[in-house]
Novice: 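Quick one: the structure is below, and I'll ask about it shortly.
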Amino acid sequence: MIGLGMAGAVMAPVIADHPHMRLVGACDLQPLVRSRFEQERALPTFDSVEALLALDAVEAVYIATPQQFHALHALLALQHGKHVVVEKPMASTLAECDAMIAAAEQTGATLIVGHTHAFDPGVSAMRALIASGEVGEPVLLNMFNYTNFLYRPRRPEELDPARGGGVIWNQLPHQLDVARIVVDRPIRSVRAATAALDPSRPVDGLVNAFVEFEGGATAALIYSGYDRFDSDEWSDWIGSSGQQKEAAHGAALRALPRHPADELNTRRSAWSYGGEKMMPFPRKGLPHFGQMIVTCARADVRLTAHGLTVYDRNGVREVTIHNDDARPSHVAVFDELWNAVRRGVRSVHDGRFSRATVEAGLAIAESARVGAEVVLRATGREVRA
Ligand SMILES: NC(=O)c1ccc[n+]([C@@H]2O[C@H](COP(=O)([O-])OP(=O)(O)OC[C@H]3O[C@@H](n4cnc5c(N)ncnc54)[C@H](O)[C@@H]3O)[C@@H](O)[C@H]2O)c1
């Protein structure tokens with residue numbers, strides 16, 4: 001593992017408990033998380049990526065460093081002949097994505113980008129239902145997620161619009177990946193608006209994106225992270241990881257340390273490997289990313305905290321999904337890695353798939369900036385006046 005922060009803390013037990021994986025070591029710049037990892041797991045840690053990659057026992061790496069390091073660390077790992085699972089977003093630019101794809105193709109290594117909520121069991125079930133032909137082709141996706149994202153403790157660059165902060169890079173990749181899996185067509189164009197409502201945290205905290213797919217399906221992707229309305233209220237208070245929640249409007253904002261240095265320390269201590277906010281919990285429902293209603297040619301299908309609800313001319317029926325994993329979507333990432341490396345199964349969330357999500361994110365950012373539709377062409381983005 002490279003990176004033992006928030007994402008690394010979630011993924012470490014998933015890798016360690018996976019039937020086909022063995023966790024052999026980790027790398028992070030922070031001594032605190034390294035010592036917690038060493039003590040809990042009796043495994044070596046390193047403060048340099050190269051030192052970890054030099055281990056013969058490392059066949060694949062999971063990269064959970066901040067987004068600005070994804071390309072650097074993935075390229076290093078691929079050059080060392082390792083398979084790579086890199087966190088979302090794949091990278092910050094299309095040139096970085098292209099370099100990662102080229103390196104994976106040259107070395108023959110597997111490159112997977114995850115986890116996004118596109119690995120959620122409910123999303124797979126939605127795709128399978130559509131692929132079965134029962135409900136017809138998707139026509140309209142209505143997706144929205146209202147959270148406390150902006151008021152969780154953040155690194156300084158996450159609050160800096162010039163350094164990739166804001167919901168387009170951090171949260172929208174989940175919605176874009178989910179929409180792309182469900183529709184299973186390339187995105188043709190986007191039109192978006194964003195807003196930054198809090199001058200003390202001047203990154204975009206909400207986005208409204210209208211996405212059109214080839215073939216004519218459209219999606220409305222709405223995200224708001226201002227800790228007011230919480231859309232999990234409409235998922236029976238089951239949170240995005242499947243945990244039971246209680247209403248706590250404004251609580252994240254009220255609990256936020258006032259001084260940026262204290263905020264960073266809280267992030268590095270409580271929200272990192274072994275931190276008090278990263279403890280395991282009993283799962284009461286399915287992981288999900290806000291609300292999603294998919295209108296298909298013959299039915300409306302809603303993603304719920306327990307499966308799917310299908311509404312059609314015969315009335316309404318539930319499709320319950322059974323899964324006993326503590327982190328089913330995260331396990332699915334490493335199932336995909338295993339299947340690709342050991343069984344030669346082509347991975348869905350590979351470099352090319354994930355590059356298209358970065359491309360759509362860039363187009364959404366550009367559309368919001370210029371106030372016009374942005375069309376995605378093979379030759380690049382084109383702003384439509
Ligand atoms: N899929 C998800 O649900 C999910 C959840 C959280 C974060 N993420 C993604 O994971 C990535 C990391 O986010 P995070 O919230 O865990 O960040 P974080 O700041 O909590 O953790 C990042 C860790 O990387 C370490 N690090 C930084 N530079 C390093 C370097 N050069 N070498 C080794 N270690 C280094 C830091 O010390 C830190 O511990 C981001 O891309 C984010 O979008 C995904």
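Note that these values count all heavy atoms, side chains included, but never hydrogens, waters or copies made by symmetry. Ligands are counted one by one from 1 in listed order, and the atoms in each one are counted from 1 as well.
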Novice: Could you grab the distance from atom OG of Ser272 to atom CZ of Arg36, nearest 0.5 Å is fine?
Specialist: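 So the OG of Ser272 and the CZ of Arg36 are separated by 7.0 Å.
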
Novice: Decide whether an N or O pair under 3.5 Å exists between His330 and ligand 1.
Specialist: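 It does not: no N or O of His330 is found under 3.5 Å from an N or O of ligand 1.
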
Novice: Give the numbers and elements of all ligand 1 atoms closer than 4.0 Å to a heavy atom of His70.
Specialist: 41 (O)

Novice: When the aromatic ring centroids of Trp234 and Tyr146 are compared, is their separation below 6.0 Å?
Specialist: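 Aromatic pair excluded; centres sit 6.0 Å or further apart.
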
Novice: Could you tell me, atom by atom, which parts of ligand 1 come under 4.0 Å of a heavy atom of Gly3?
Specialist: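 The list of qualifying atoms is 24 (O).
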
Novice: Got the closest protein heavy atom to atom 14 (P) of ligand 1, with its distance?
Specialist: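 Of every protein heavy atom, Arg267 NH2, 3.6 Å lies nearest to atom 14 (P) of ligand 1.
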
Novice: Which residue in the set Val135, Thr320, Leu303, Val123 passes side-chain contact (heavy atoms from CB on, under 4.5 Å) when paired with Leu308?
Specialist: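 It is Leu303, the one option of Val135, Thr320, Leu303, Val123 that forms the side-chain contact (heavy atoms from CB on, under 4.5 Å) with Leu308.
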
Novice: Take the angle between the ring planes of His20 and His18 and call it parallel below 30°, perpendicular above 60°, tilted in between.
Specialist: tilted

Novice: Could you tell me whether His117 approaches ligand 1 through its side chain, its backbone, both or neither, with non-hydrogen atoms closer than 4.0 Å?
Specialist: neither

Novice: Can Arg191 and Glu373 be counted as an ion pair, charged N to O under 4.0 angstrom?
Specialist: no

Novice: I want to know if ligand 1 touches Trp271 in the polar sense, i.e. an N/O pair below 3.5 angstrom.
Specialist: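 Trp271 vs ligand 1: no N/O contact under 3.5 Å.
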
Novice: Using a strict 4.0 Å cut-off to heavy atoms of Phe69, name the atoms of ligand 1 that fall inside it.
Specialist: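 Within the 4.0 Å cut-off of Phe69, ligand 1 contributes 28 (N).
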
Novice: Look at Glu59 together with Arg22 and state whether they make a salt bridge at an N to O cut-off of under 4.0 Å.
Specialist: no

Novice: For ligand 1, which atoms, with element, lie under 4.0 Å from some heavy atom of Thr65?
Specialist: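 The list of qualifying atoms is 11 (C), 12 (C), 24 (O), 26 (N), 29 (C), 34 (N), 35 (C), 40 (C), 41 (O).
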
Novice: Nearest protein heavy-atom contact for atom 22 (C) of ligand 1: which residue, which atom, what distance?
Specialist: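 It is Ala64 O, 3.6 Å.
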
Novice: Taking only heavy atoms of Pro66 into account, list the atoms of ligand 1 that are under 4.0 Å away from them.
Specialist: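 Taking each heavy atom of Pro66 in turn, ligand 1 has 22 (C), 24 (O), 27 (C) under 4.0 Å.
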
Novice: Considering non-hydrogen atoms of the protein only, which is the closest contact for atom 13 (O) of ligand 1, and what is the distance?
Specialist: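 Protein heavy atom at minimum distance: Arg155 NH2, 3.6 Å.
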
Novice: Which option wins on minimum heavy-atom distance to atom 37 (O) of ligand 1: Leu32, Leu29, Asp28, Val10?
Specialist: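 Among Leu32, Leu29, Asp28, Val10, the closest heavy atom to atom 37 (O) of ligand 1 comes from Asp28.
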
Novice: When you measure from the centre of the six-membered ring of Phe353, is the NZ or CZ of Arg180 closer than 6.0 Å and no more than 45° off the axis?
Specialist: yes

Novice: Checking side-chain polar atoms at under 3.5 Å, does Glu336 have a donor or acceptor matched by the opposite partner on His349?
Specialist: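 Distance-only check passes for Glu336 and His349.
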
Novice: Under a 4.0 angstrom heavy-atom cut-off, which atoms of ligand 1 come close to Cys27?
Specialist: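 Answer for ligand 1: 33 (C).
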
Novice: How far is atom 9 (C) of ligand 1 from its nearest protein heavy atom, and which residue and atom is that?
Specialist: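 Result for atom 9 (C) of ligand 1: Lys88 O, 3.6 Å.
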
Novice: Consider only side-chain N and O atoms of Ser241 and Arg327, and report whether a donor and an acceptor are under 3.5 Å apart.
Specialist: yes

Novice: Which heavy atom of the protein is the closest neighbour of atom 21 (O) of ligand 1, given with residue, atom name and distance?
Specialist: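 Result: Gly5 CA, 3.2 Å.
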
Novice: Between atom CE of Met90 and atom CD1 of Ile112, what is the distance when rounded to the nearest 0.5 Å?
Specialist: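 Answer rounded to 0.5 Å: 12.0 Å.
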
Novice: Heavy-atom contacts under 4.0 Å between Tyr273 and ligand 1: side chain, backbone, both, or neither?
Specialist: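 For Tyr273, there is no contact with ligand 1 at all, from either part.
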
Novice: Please say whether Ser272 places an N or O atom under 3.5 Å from an N or O atom belonging to ligand 1.
Specialist: no

Novice: Please find the pair of heavy atoms, one from Leu43 and one from Glu38, that lie closest to each other, and give the distance.
Specialist: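 Nearest heavy atoms, Leu43 then Glu38: O-CG, 3.4 Å.
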
Novice: Does Arg352 pair with Glu105 as a salt bridge, N-O distance under 4.0 Å?
Specialist: yes

Novice: For ligand 1, does Arg268 get within less than 4.0 Å through its side chain, its backbone, both, or neither, judged by non-hydrogen atoms?
Specialist: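 Within the 4.0 Å criterion, Arg268 makes no contact with ligand 1.
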
Novice: Using a plain distance cutoff, I'd like to know if Met6 has any nitrogen or oxygen under 3.5 Å from a nitrogen or oxygen of ligand 1.
Specialist: yes

Novice: Does a side-chain N-to-carboxylate-O contact under 4.0 Å join Arg201 and Glu263?
Specialist: yes

Novice: Show the atoms of ligand 1 that are less than 4.0 angstrom away from any heavy atom in Gln30.
Specialist: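 In order of number, 37 (O).
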
Novice: Hey, is ligand 1 close enough to Ala7 that some N/O pair sits below 3.5 Å?
Specialist: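 For ligand 1, there is an N or O atom that lies under 3.5 Å from one belonging to Ala7.
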
Novice: Can you confirm, on distance only, whether ligand 1 has an N/O atom lying under 3.5 Å from any N/O atom belonging to Glu87?
Specialist: yes

